[in-house]
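A short worksheet on the structure shown next.
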Amino acid sequence: CSLIGSAVDGFNVTVFAYGQTGAGKTHTMYGSDDMPGLVPRSADELFKVIGRARDFQCKVLASMFELYRDDLIDLLWSKTKDQKVAPVLDIRKDSKG
């Protein structure tokens with residue numbers, strides 16, 4: 001069962017990169033022009049699979065966040081005229097912390 005296969009089958013899919021600063025998380029996720037990372041390769045594969053689907057419609061919802069220290073930032077947020085920097089999102093905790 002692949003990441004893309006699960007997503008196409010209707011399951012929520014999460015990829016989590018964790019490690020110390022300088023460990024290569026960003027490179028693993030984004031890569032370079034010569035060696036694309038997980039994000040561009042997964043997006044390419046997902047849309048290839050969707051492009052072959054002729055009998056049904058597909059809807060893709062995606063989110064990408066960065067958690068750095070105690071700041072949660074939406075990496076897909078778009079700048080507006082009034083707000084040039086992405087807002088820091090609230091981290092909600094349950095009664096167990």
Side-chain angles (χ1 to χ4, degrees):
C1 186
S2 71
L3 177 88
I4 301 305
S6 293
V8 171
D9 288 341
F11 292 96
N12 292 330
V13 176
T14 301
V15 176
F16 188 82
Y18 177 81
Q20 67 187 35
T21 300
K25 299 175 298 295
T26 301
H27 180 72
T28 297
M29 296 303 282
Y30 296 109
S32 63
D33 288 339
D34 295 334
M35 292 179 46
L38 183 63
V39 171
R41 289 186 295 127
S42 297
D44 286 346
E45 181 63 22
L46 176 62
F47 287 104
K48 282 179 190 173
V49 171
I50 289 172
R52 293 190 298 256
R54 301 288 179 222
D55 297 339
F56 54 92
Q57 291 184 330
C58 298
K59 181 177 181 179
V60 176
L61 301 174
S63 56
M64 185 177 287
F65 299 97
E66 176 182 68
L67 178 60
Y68 181 69
R69 297 186 181 161
D70 283 332
D71 294 333
L72 182 63
I73 300 165
D74 183 348
L75 296 177
L76 298 180
W77 174 83
S78 297
K79 292 182 197 176
T80 64
K81 189 167 74 172
D82 298 330
Q83 194 170 11
K84 305 276 186 222
V85 178
V88 175
L89 304 172
D90 290 332
I91 298 174
R92 297 182 183 168
K93 298 179 182 179
D94 65 11
S95 61
K96 298 178 186 174

Between [atom1] of [X] and [atom2] of [Y], what distance do you get to the nearest 0.5 Å?
X	Y	atom1	atom2	answer
L75	Y30	CG	OH	5.0 Å
D74	E66	CG	CD	11.0 Å
E45	L38	CD	CG	12.0 Å
I91	F65	CD1	CZ	11.0 Å
M64	I73	CE	CD1	13.5 Å
K59	I50	NZ	CD1	12.5 Å

Hphob cluster co-occupancy, [X] + [Y], side-chain heavy atoms under 4.5 angstrom:
X	Y	result
V39	V60	yes
F47	L76	yes
V88	W77	no

Any donor and acceptor pair, going by atom type alone, linking the side chain of D90 with main-chain N or O of R92 inside 3.5 Å?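 No, the answer is negative, given that no donor and acceptor are paired below the 3.5 Å cut-off.
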Please determine whether the number of non-hydrogen atoms from other residues, nucleotides or ligands lying under 6.0 Å from atom CG of D55 exceeds 12. no
Where do [X] and [Y] come nearest, in terms of heavy atoms and distance?
X	Y	answer
G19	K25	O-NZ, 3.0 Å
L3	V15	CD1-CG2, 3.8 Å
D33	P36	O-CD, 4.2 Å

Considering the options T14, D9, V8, which one meets the side-chain contact (heavy atoms from CB on, under 4.5 Å) requirement together with F11?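 The option that passes is D9.
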